[in-house]
Amino acid sequence: MAETHAPEVKKKRRMALSIRLILVAALWSFFTLIIAGGVLVALFQKSSIEALDDRLDVHMTSIIGSIARNMPDKPERPAALGEARFDLPLSGWYWTIRDAADPSVVIYDSVSLFGDRLEFEEPEKQVEKQFYTTGPAGQQLRVQWDTIGFSDGSSYLIAVAGSTSEVDQRTTSFAQLAAATLGILGLGLVAAIVLQVRYGLWPVTNLQASLAAVRRGDAEAIDEDLPRELKPLAEELNALIKSNQEIVERSRTHVGNLAHGLKTPLSVILNEARSEDSRFAHKVEEQANLMKDQVTHYLERARMAAQRRVIGVSCEVAPVLSRLTRAMEKIYRDKDLEIDSHLPEELRFRGEQPDLEEVAGNLIDNACKWCDGKVAVRCEFVEMQGSTRDMIRLTVEDNGPGLTEIQRKEALRRGKRLDESVPGSGLGLSIIVDLVGVYGGSFELEKSKLGGLKAIVTLPGLKS
């Protein structure tokens with residue numbers, strides 16, 4: 001079956017360039033802000049721990065000063081250390097004074113230990129002067145310790161501990177504040193990125209709109225008023241359009257010359273053959289007519305191909321089809337035709353008007369020729385998902401005798417006629433097949449709901 005088919009719809013949509021740029025910049029900003037937030041929180045936590053160590057060092061200095069006042073006698077119990085929580089049971093703030101020679105011997109403990117002990121390793125095993133441990137109430141403690149010796153040979157182990165809960169709370173609050181601040185900053189950066197990309201790609205959008213105007217036939221050339229990065233592209237595209245037009249004009253000239261060069265000798269051969277009544281003359285006339293039909297067909301096909309490659313050519317669909325239906329009503333007025341048409345005004349055919357007239361004229365003429373008084377002509381826009389090449393669908397139906405499935409296949413073969421009693425060369429449908437194929441569309445024949453034949457043609461189109 002000599003049918004052409006519409007191009008396959010792309011299954012995978014390509015992401016827009018602007019979306020790619022925005023997405024990459026947004027992801028980079030997102031990860032950068034996360035890393036920056038983590039670094040800030042870590043620095044804040046480190047600073048808070050250092051501040052806690054400084055407080056513990058101050059309290060240790062106060063304890064050393066208190067026990068040194070009564071030396072070399074028995075050390076005095078430290079008092080008034082400036083931290084009330086040392087006197088609150090299990091408050092998380094503790095101190096202890098022990099015998100450095102035997103750390104299990106407790107000299108004094110803070111009231112806050114409430115009879116419990118502050119556990120830590122022996123001094124010779126504890127390398128760091130600050131470390132973490134678990135307190136009597138299960139709190140995490142930051143401990144600072146040191147040993148101090150006196151002239152009488154006595155030495156004491158002093159340890160001060162403070163709960164890290166305050167540090168944790170302040171760090172959490174800072175992390176929440178930093179997250180909110182960086183989140184707002186991130187949204188601002190994304191908004192700025194969007195504006196930057198949109199503004200930066202604005203000339204590309206203008207170039208696309210200008211190229212679309214050329215494709216629709218609203219302009220003859222692309223606007224070259226663009227930034228210096230895009231201006232060479234516009235100039236090259238305009239040069240390509242001009243070159244294409246020149247090639248098409250030359251092709252048309254050659255096709256015309258070839259048509260004149262072949263038709264005249266064929267006419268002479270036909271006239272000479274018809275002047276004689278012999279078997280040889282009839283055979284020559286038969287073959288010459290066949291040659292003439294073939295020359296006409298292939299010259300017409302060459303003309304179609306040349307016109308199809310003209311950039312920026314388009315025409316309105318409704319006026320062309322309306323003229324054709326009015327003409328058919330006059331030609332077949334003896335049939336009392338009723339042509340029902342639905343032709344949206346905004347539809348345009350991306351091609352030359354004579355080609356649309358050729359396709360629609362053959363289809364409507366065929367429907368009027370075979371109908372029993374009723375013909376329906378429809379045209380609609382078909383948006384091709386995943387492709388920028390949209391189509392229009394032309395449907396012509398009649399209530400005539402119609403065709404069987406086998407006859408519909410035969411009707412699409414070049415030069416095949418189904419009824420010799422009806423005038424015509426038999427090339428109408430084959431011309432439609434070739435022309436639709438040149439435009440990358442499709443042509444199908446189906447059974448109509450009206451009872452006759454339904455012809456469906458898709459061609460490149462757009463909405464104006």
Side-chain angles (χ1 to χ4, degrees), residues 34-69 74-149 155-182:
I34 288 181
I35 293 173
V39 171
L40 288 175
V41 171
L43 291 175
F44 180 84
Q45 186 178 35
K46 180 181 178 182
S47 176
S48 299
I49 292 297
E50 290 176 350
L52 177 60
D53 289 341
D54 290 340
R55 291 178 61 185
L56 295 177
D57 186 65
V58 169
H59 293 316
M60 178 170 288
T61 302
S62 298
I63 292 174
I64 293 174
S66 296
I67 64 176
R69 282 197 298 268
K74 184 179 179 181
E76 182 180 345
R77 180 181 181 85
L81 296 179
E83 177 57 68
R85 284 175 291 186
F86 284 136
D87 297 327
L88 297 177
L90 305 178
S91 64
W93 284 79
Y94 313 104
W95 58 263
T96 183
I97 302 175
R98 302 181 185 183
D99 188 349
D102 185 6
S104 61
V105 178
V106 177
I107 308 299
Y108 295 113
D109 272 340
S110 64
V111 177
S112 56
L113 280 172
F114 202 58
D116 213 326
R117 290 176 61 87
L118 187 61
E119 300 294 340
F120 55 88
E121 295 182 358
E122 297 178 5
E124 59 271 13
K125 296 181 180 180
Q126 191 69 49
V127 179
E128 299 292 336
K129 294 293 184 180
Q130 294 90 15
F131 62 93
Y132 292 98
T133 190
T134 301
Q139 317 105 314
Q140 186 182 38
L141 303 179
R142 178 72 169 174
V143 181
Q144 182 170 317
W145 67 273
D146 203 353
T147 56
I148 181 172
S155 61
Y156 301 94
L157 171 65
I158 303 172
V160 183
S163 174
T164 60
S165 60
E166 289 185 16
V167 173
D168 295 338
Q169 291 174 1
R170 286 197 298 266
T171 302
T172 301
S173 298
F174 178 81
Q176 293 173 348
L177 180 61
T181 304
L182 293 177

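From a predicted model like this one, the values you see are computed outputs, not experimental measurements.
- The structure places OG1 of Thr134 at 9.0 Å from CD of Gln139, a figure rounded to the nearest 0.5 Å.
- Taking CD of Glu83 as the start and CG of Leu88 as the end, the distance is 8.5 Å to the nearest 0.5 Å.
- In this structure, CD1 on Ile63 lies 10.0 Å from CZ on Arg77, to the nearest 0.5 angstrom.
- In terms of modelled atom types and a separation under 3.5 Å, the side chain of Tyr108 and the main chain of Val106 share no donor-acceptor contact.
- Under the 4.5 Å side-chain criterion, counting only non-hydrogen atoms from C-beta, Tyr94 is in contact with Pro136.
- Residues Ser155 and Thr147 fail the side-chain proximity criterion, which asks for heavy atoms closer than 4.5 Å.
- A heavy-atom distance below 4.5 Å is not found between the side chains of Phe174 and Leu43.
- Of the inter-residue distances, the one linking Ile67 atom CD1 with Ile97 atom CD1 reads 5.0 Å to the nearest 0.5 angstrom.
- Using a 4.5 Å heavy-atom threshold, the side chains of Leu141 and Leu118 count as touching.
- With Ser112 contributing its side chain and Trp93 its backbone, the two residues share a donor-acceptor pair below 3.5 Å.
- Distance check, rounded to the nearest 0.5 Å: CG of Leu52 to OG of Ser47 gives 11.5 Å.
- The shortest heavy-atom contact between Phe86 and Ser110 is O-CB, 3.8 Å.
- Residues Ile64 and Asp146 have side chains not in contact (no heavy-atom distance under 4.5 Å, counting atoms from C-beta outward).
- Residue Ser48 comes nearest to Val167 through the heavy atom pair CB-CG1, 3.7 Å, listed as atom of the first residue, atom of the second, then distance.
- Pairing each heavy atom of Leu56 with each of Gly162, the nearest pair is CD2-N, 3.7 Å.
- With Ser66 contributing its side chain and Ser62 its backbone, the two residues share a donor-acceptor pair below 3.5 Å.
- Side-chain contact check for Ile158 versus Trp95: every heavy-atom pair is 4.5 Å or farther apart.
- Nearest heavy-atom pair across Gln144 and Met60 is O-CE, 3.1 Å.
- Note that OH of Tyr156 is 15.0 Å distant from CZ of Arg98, once rounded to the nearest 0.5 Å.
- When Asp53, Thr164, Thr133 are each tested for a side-chain hydrogen bond (donor to acceptor under 3.5 Å, both in side chains) with Arg142, only one passes: Asp53.
- For the salt bridge (charged side-chain N to carboxylate O under 4.0 Å, His left out) condition, no pair includes a residue of residues 101-116, sequence neighbours left out.
- Partners of Ser165 according to the side-chain hydrogen bond (donor to acceptor under 3.5 Å, both in side chains) rule, which considers only residues two or more places apart in sequence or in another chain, are Ser163.
- Residues Leu182 and Gly37 share a closest heavy-atom pair of CD1-CA, 3.4 Å.
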